[in-house]
Amino acid sequence: MLNVEELNQYYGQSHTLWDLDLEVPAGQCTCVMGRNGVGKTTLMKAIMGEVAISSGSIRYDGEIDLTRKPIEERPRLGIGYVPQGRQIFPLLTVEENLRTGLAARGDGVKRIPERVHELFPVLEEMKHRRGGDLSGGQQQQLAIGRALVIEPRLLILDEPGEGIQPNIVTQIGEVIRRLIREDGLTVLLVEQKLPFARKFADRFAIIDRGRRVAGGGIDALSDALIKEHLTV
Ligand SMILES: Nc1ncnc2c1ncn2[C@@H]1O[C@H](COP(=O)(O)OP(=O)(O)OP(=O)(O)O)[C@@H](O)[C@H]1O
Ligand SMILES: [Mg+2]
């Protein structure tokens, strides 16, 4: 579904991603892991076109070369993105926040798909509340809902469990599995929490100092790898 090959990225003089490969097979959840500051978010931003890359390729759906597409093409191609830190609009209502996602659709549909409320009933219940008045967990659900209004085929989430209550983290994991099973989505997730990755991901890739150092089926995520690349 998504193939990243030999990606190199710099912030100014600082070489952040090094010959990085990542494969995201269709119909599965691939989890990118790694300690703070190793380049996980930079990789997601490179995929989304938010940071420029210096070399390498990002292919989507077999043929499409994302590196040559403008940012606004991603949602039209069916790529939804939930950035780290949620970035919802605190002064807009829940419904207005969801509507901002609609603008990115290529087909001019103006309705929020029913499915969003089915997956996150709390967004229906709270539709007139301001985004900033929601709890952290509800804001994360809103951010995911906003990414889902384009009815994506690939959903990218950057640390959706960061700083929210464990029960909502579990709910989010369950929604991810439903999206894969019932809607045929492919999911690319950044997540540092091991139990979450083990429970909800099919595959993993570990990044250490900008390089992909390990990856495979989630069962291959060994204690030795964890000790070497994930624990502080
Ligand atoms: N806009 C920027 N300009 C310069 N350096 C940056 C910029 N954004 C990130 N960096 C640096 O690039 C490196 C990778 O950052 P990145 O945010 O991709 O890491 P991360 O793995 O997502 O970390 P975290 O787990 O804290 O979210 C870090 O050293 C960071 O300080
Ligand atoms: Mg990050």
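Read the numbers this way: they start at 1 and go in the same order the structure lists the ligands and their atoms. When reading the values below, keep in mind they use all heavy atoms of this one structure, side chains included, and skip hydrogens, waters and symmetry mates.
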Donor + acceptor pair across side chains of Gln9, Thr42 (<3.5 Å):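 No.
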
Test item: side-chain donor near acceptor, Ser55 and Asn8, under 3.5 Å: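 Ser55 vs Asn8: donor-acceptor pair found between side chains.
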
Shortest reach to atom 25 (O) of ligand 1 by a heavy atom, considering only Lys40, His15, Gln13: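 Of the listed residues, Lys40 has the closest heavy atom.
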
Nearest option to atom 18 (O) of ligand 1, as decided by whichever heavy atom of Leu17, Thr42, Asp158 sits closest: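 Closest candidate by heavy-atom distance is Thr42.
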
Should the pair [X]-[Y] be classified as a salt bridge under the 4.0 Å nitrogen-to-oxygen rule?
{"X": "Arg212", "Y": "Glu6", "value": "no"}
{"X": "Arg76", "Y": "Glu73", "value": "yes"}
{"X": "Arg59", "Y": "Glu63", "value": "no"}

I'd like to check which ligand 1 atoms, numbered from 1 as shown, lie under 4.0 Å from a non-hydrogen atom of [X].
{"X": "Thr16", "value": "12 (O), 13 (C), 14 (C)"}
{"X": "Gly37", "value": "13 (C), 14 (C), 19 (O), 20 (P), 21 (O), 23 (O), 24 (P), 25 (O), 26 (O), 28 (C), 29 (O)"}
{"X": "Gln84", "value": "27 (O)"}
{"X": "Gln192", "value": "25 (O)"}
{"X": "Thr41", "value": "17 (O), 18 (O), 20 (P), 22 (O), 27 (O)"}

Ligand 1 contacted by Gly39 (non-hydrogen, < 4.0 Å):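 Under 4.0 Å: yes for Gly39.
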
Distance-minimising heavy-atom pair for Phe120 and Gly145: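 What the structure gives for the nearest pair is CE1-N, 4.2 Å.
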
Met44 backbone or side-chain N/O/S under 2.8 Å from the Mg ion (ligand 2):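 So Met44 does not bind the Mg ion (ligand 2) by this criterion.
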
Metal site the Mg ion (ligand 2): N/O/S of Gln84 inside 2.8 Å: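 Of the N, O and S atoms in Gln84, at least one lies under 2.8 Å from the Mg ion (ligand 2), which means yes.
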
Minimum-distance protein heavy atom relative to atom 12 (O) of ligand 1: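 Checked against all protein heavy atoms, atom 12 (O) of ligand 1 sits closest to Tyr11 CE1, 3.5 Å.
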
For atom 26 (O) of ligand 1, the protein heavy atom that lies nearest, with its residue and separation: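 Among all protein heavy atoms, the one nearest atom 26 (O) of ligand 1 is Asn36 ND2, 3.1 Å.
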
Test applied, salt bridge (charged side-chain N to carboxylate O under 4.0 Å, His left out); reference residue, Asp183; option that passes from Arg115, Arg177, Arg153: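 By the salt bridge (charged side-chain N to carboxylate O under 4.0 Å, His left out) criterion, Asp183 pairs with just one of Arg115, Arg177, Arg153: Arg115.
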
Neighbour count above 12 (heavy atom, 6.0 Å) for Arg129 CZ: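 No.
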
Arg209 atom CZ: more than 12 heavy-atom contacts under 6.0 Å: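 Open.
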
Result of checking Lys193, Gln192, Gln140 against Glu159 for side-chain hydrogen bond (donor to acceptor under 3.5 Å, both in side chains):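 Answer to the side-chain hydrogen bond (donor to acceptor under 3.5 Å, both in side chains) test with Glu159 among Lys193, Gln192, Gln140: Gln192.
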
Any protein heavy atom nearer than 4.0 Å to atom 30 (C) of ligand 1: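 Flag for atom 30 (C) of ligand 1 set to false, no protein heavy atom closer than 4.0 Å.
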
Val38, portion touching ligand 1 at heavy-atom distance under 4.0 Å: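 Contact part for Val38 vs ligand 1: both backbone and side chain.
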
Ligand 1 contact on Glu159 by region, counting heavy-atom pairs under 4.0 Å: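 Side chain only.
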
